[in-house]
Amino acid sequence: MQFNVGTPDRIARLIIGVLLLAAPFVTGWALFANPVWTWVFVIVGLVLAVTGLVRFCPAYAIFNLSTSRTKD
């Protein structure tokens with residue numbers, strides 16, 4: 001598996017992913033009264049965090065994109 005997520009992209013994915021994962025449980029927003037929105041935020045946050053950790057994004061691979069400077 002080749003890495004296709006570069007460092008700035010990786011940092012952004014990790015930060016946004018963790019924020020999305022925590023938002024339903026930490027904030028008191030009325031949006032999260034509906035469990036559908038809670039699950040949407042958790043799933044999207046989890047996908048972003050995992051792709052940031054493993055440095056591989058399947059969507060980037062499908063479209064032959066890469067934000068990584070080196071071919072690892």
Side-chain angles (χ1 to χ4, degrees):
M1 172 173 59
Q2 285 187 322
F3 297 136
N4 62 4
V5 175
T7 302
D9 190 10
R10 182 180 190 191
I11 293 169
R13 285 172 183 262
L14 288 171
I15 291 171
I16 295 169
V18 168
L19 289 174
L20 288 176
L21 279 169
F25 308 107
V26 181
T27 64
W29 295 345
L31 174 72
F32 299 121
N34 184 347
V36 172
W37 285 111
T38 300
W39 280 105
V40 167
F41 271 60
V42 168
I43 291 170
V44 171
L46 189 61
V47 168
L48 286 174
V50 168
T51 57
L53 286 173
V54 298
R55 295 180 57 191
F56 179 77
C57 177
Y60 279 9
I62 290 171
F63 295 110
N64 199 23
L65 298 173
S66 177
T67 58
S68 181
R69 288 186 180 185
T70 60
K71 295 291 182 186
D72 297 324

**Student:** How many angstroms lie between CZ in Phe3 and SG in Cys57, if you round to the nearest 0.5 Å?
**Tutor:** 14.0 Å
**Student:** Should we say atom CG of Asn64 is surrounded by more than 12 heavy atoms from elsewhere, each under 6.0 Å from it?
**Tutor:** no
**Student:** Look at the side-chain heavy atoms of Ile, Leu, Val, Met, Phe, Trp and Tyr, link any pair under 4.5 Å apart, and say whether Phe32 and Ile16 land in one connected group.
**Tutor:** yes
**Student:** Any chain of hydrophobic side-chain contacts (each under 4.5 Å) joining Leu65 to Val5?
**Tutor:** yes
**Student:** Determine the minimum heavy-atom distance between Asp9 and Tyr60, stating which atoms define it.
**Tutor:** OD2-OH, 3.0 Å
**Student:** Do Ile15 and Val50 belong together in a cluster built from hydrophobic side chains that touch within less than 4.5 Å?
**Tutor:** no
**Student:** To the nearest 0.5 angstrom, please state how far the CZ atom of Arg10 sits from the CG atom of Leu53.
**Tutor:** 6.5 Å
**Student:** In terms of hydrophobic clustering (I, L, V, M, F, W, Y; side-chain heavy atoms under 4.5 Å; direct or indirect links), are Val36 and Leu20 co-clustered?
**Tutor:** yes
**Student:** Check for me, please, whether Ile43 and Leu31 land in the same ILVMFWY cluster - side-chain distances under 4.5 Å, paths through other members count.
**Tutor:** no
**Student:** Rounded to the nearest 0.5 Å, what's the gap from CH2 on Trp29 to OG1 on Thr38? Could you check?
**Tutor:** 11.5 Å
**Student:** Is there a side-chain contact between Pro24 and Val42 (heavy atoms, below 4.5 Å)?
**Tutor:** yes
**Student:** For Trp37 and Phe41, take the angle between the two ring planes, folded into 0 to 90°, and tell me which bin it lands in: parallel under 30, tilted 30 to 60, perpendicular over 60.
**Tutor:** perpendicular
**Student:** What heavy-atom pair brings Ser68 and Arg55 nearest, and what distance separates the two atoms?
**Tutor:** OG-NH2, 4.0 Å
**Student:** What is the minimum heavy-atom distance between Leu48 and Arg13, and which atoms define it?
**Tutor:** O-CB, 3.5 Å
